[in-house]
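The structure appears right after this line, and notes come after that.
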Amino acid sequence: MSVIETSHLTKIYDEGPVAVRAVDDVSIQITEGEFTAVVGPSGSGKTTLLNIIGGLDRPSSGSVKVADVELGDMNEDQLIKFRLENIGFVFQSYNLIPVLTAKENTEFIMLLQGVSEKERDTRVLQLLDEVGIGEQANKRPSEMSGGQQQRVAVARALASRPKFVLADEPTANLDSKSAENLLDLMLQLNKEENVTFIFSTHDQRVIDRARRVITLEDGKILSDESR
Amino acid sequence: MVLKLAWRNIWRNKRRTGITLAMTIFAVVLSTLMMSIKEGVYENMISSTAGDFSGYAQVHSNGYWEDKSLDLAFELTDSLEQKITNTNNVEGFMPRVDGFALAAVDNVSKGSMVIGIDVEKEKTFHGLDKRVSEGTYLTANDDAIMIGDGLASHLKLTINDTLVLLGAGYHGMSAVGKYPIKAIVKFGSPELSKQLVFMPMKAAGMFFATDQLITTIVLKTKNSNNGINAANSLTQKLNEKYEVMNWKQMNPELVTMIEADKSEGYVFMFILYMVIGFGIFGTMLMMLAERKREFGVLVAVGMKRIKLSIMVWVEILTVSILGAILGLLAAFPVCYYFFTNPIQYGEEITEMAEEYGMEAVLRASLAPHLFLEQALIIAIIASVIAIYPFIKLQRINAVKEMRS
Ligand SMILES: Nc1ncnc2c1ncn2[C@@H]1O[C@H](COP(=O)(O)OP(=O)(O)OP(=O)(O)O)[C@@H](O)[C@H]1O
Ligand SMILES: [Mg+2]
């Protein structure tokens with residue numbers, strides 16, 4: 001059964017001198033438990049596509065259905081609530097709140113959701129151990145390496161048990177060793193917690209680990225291969 | 001959680017917070033000190049022109065203040081006395097007979113104010129006996145006078161000399177008398193010093209033929225404000241035979257002068273706070289620009305915009321109020337120092353001040369409203385400044401902020 005379904009999704013930016021079709025007639029279906037990479041050269045529309053799927057941005061035409069809910073029918077506040085309850089985000093950088101420790105960052109979303117302290121504590125400790133940051137739980141982002149920060153970001157994205165995790169170039173600022181480690185971690189969590197992962201990347205080693213690869217070019221789907 | 005985030009954010013960029021705090025403290029200290037000294041000068045002016053001698057409130061027969069006629073003398077009845085002493089804020093009262101007479105000796109004469117006093121009351125309520133520079137203070141049954149030192153030197157008189165007084169008494173009767181000078185009294189105000197002649201009430205009753213009647217009741221109150229309050233409540237109690245006047249009504253020029261000077265102070269304060277306000281606004285804009293991405297991420301992961309707005313609002317308000325408190329803590333000892341160690345004026349100004357009957361010192365005021373006002377102003381400015389990010393963050397677009 002598909003958790004995400006886009007049909008004829010198109011996003012046109014016409015603020016500049018020429019209108020840009022950032023996403024052009026994209027129809028995809030993503031089923032539960034997938035580990036999917038969206039790849040393509042710079043400017044091919046990866047970020048735009050993920051943002052629309054995640055309810056951060058709205059398409060110019062076409063529709064997105066997530067868990068049978070039509071995102072286009074929601075207003076801004078409903079979308080914020082929808083994101084909070086259903087999606088874990090990992091961004092390329094500046095993911096973490098600088099004034100909070102690793103532990104506090106991880107529990108932040110649960111706090112927004114109003115999860116009880118006891119439940120938060122067990123979940124956070126378990127997750128930080130899983131991502132290998134248990135020792136650094138009380139460090140602030142500025143005291144951690146880029147790879148460690150992204151691990152915390154993944155832990156935070158998963159903490160509230162979202163339906164799926166959207167990660168936009170999560171490894172872009174990492175050296176290749178850390179990038180591979182992060183990917184292994186995501187794969188492991190994908191299995192253990194049965195969370196659907198969609199991430200964008202143009203790092204070949206990362207692409208190699210994906211089980212489905214959707215390639216974009218100029219906003220259009222160039223290929224869609226499962227392996 | 002919003003509060004925790006706000007608090008940590010405040011201390012995250014110590015320099016920016018420090019600058020904001022320093023600006024606030026500077027403004028608060030400067031304007032508190034200015035207002036405190038101004039207020040101190042007013043208090044000094046009010047107490048020397050009004051308070052010391054004429055009191056902050058007086059009771060007369062209706063119309064007396066206009067005419068200053070002895071014919072409007074009245075009786076201090078028991079019921080009147082009771083109404084006065086039962087009035088809130090009134091600590092006591094001094095009955096007086098105020099009249100005019102020509103003071104003459106040999107061929108020299110000078111117009112003077114002859115004041116019949118209750119010697120005991122004048123002593124207890126404003127220490128008239130302490131102003132005696134030569135001779136001894138009057139007693140109730142004396143048939144003698146005390147004169148101001150200015151008048152004494154003008155007429156070249158000293159104690160035990162005799163002074164002739166010529167005037168008009170009650171209902172046109174002539175008031176003539178010859179009195180020995182028992183004491184010379186010193187008054188800061190040369191205006192008063194050149195005119196004052198004090199006489200015990202009994203002697204004055206004979207001189208002016210007013211007998212037991214008086215023209216004026218000076219109310220003794222702790223300060224100028226109490227004087228106004230006392231006058232207000234006493235007006236309610238007395239019938240239209242009497243007029244109760246507060247020091248403002250008796251000294252309209254003084255009030256105008258103070259008001260004018262105060263508005264100057266407010267203008268200065270306004271400019272100062274405008275400058276500081278824009279400074280704080282500037283650092284706040286910098287802060288918003290620096291944290292754009294962070295705000296974007298927060299909204300993206302599901303933080304409600306209103307929470308974000310409240311967080312930043314709390315940050316700005318906390319820093320400003322902290323600045324205001326620190327500013328007041330810094331300003332208070334300075335004001336307190338100038339309250340206990342008033343600045344002595346230079347010689348030239350001393351003379352000028354004395355001409356206005358003022359004590360020649362610059363003493364700061366510690367009136368609580370001065371300090372509360374500053375804190376309030378800061379709180380208002382901060383709230384106004386905080387409106388901007390509040391609205392701005394309500395419209396934040398996560399995608400845009402994260403792309404930049
Ligand atoms: N807010 C916007 N306004 C105008 N044009 C935009 C905007 N956002 C994206 N674009 C354009 O849309 C196209 C797709 O951008 P997008 O960021 O989705 O690409 P991407 O595949 O994520 O690229 P990269 O690998 O560099 O991150 C680009 O040509 C970009 O310039
Ligand atoms: Mg991108």
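Just so we're on the same page: letters track the sequence lines, and every chain starts at 1.
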Any idea which of A:E104, A:K81, A:E76, A:Q92 has the most non-hydrogen atom pairs under 4.5 angstrom with chain B?
A:E104
Cut-off 4.5 Å, heavy atoms of chain B, and the answer for A:I80 is both
With a 4.5 angstrom heavy-atom cut-off, is it the side chain or the backbone of A:L100 that approaches chain B, or both, or neither?
both
Contact class of B:V299 relative to chain A, heavy atoms under 4.5 angstrom
both
N-O pairing of B:K38 and B:D261 below 4.0 Å:
yes
Could you look at A:D57 and say if it's the side chain, the backbone, both or neither that has a heavy atom under 4.5 Å from chain B?
both
Kindly state whether the ring of B:F390 and the ring of B:Y388 have centres lying under 6.0 angstrom apart.
no
Whether B:K392 and B:E401 form a salt bridge (side-chain N of Lys/Arg under 4.0 Å from carboxylate O of Asp/Glu) is what I want to check.
no
Counting only heavy atoms closer than 4.5 Å, note whether B:A300 contacts chain A via side chain, backbone, both or neither.
both
Answer yes when A:E85 and A:R161 have at least one side-chain N-carboxylate O distance shorter than 4.0 Å, and no when they do not.
no
With only heavy atoms counted, which part of B:L298 is less than 4.5 Å from chain A, the side chain, the backbone, both or neither?
side chain
Among the options B:K304, B:R12, B:K307, pick out the one with the most heavy-atom pairs lying under 4.5 Å from chain A.
B:R12
Report yes or no: do A:T196 and A:E34 form a side-chain donor-acceptor pair below 3.5 Å?
no
Any side-chain donor paired with an acceptor under 3.5 Å for A:T171 and A:Q150?
no
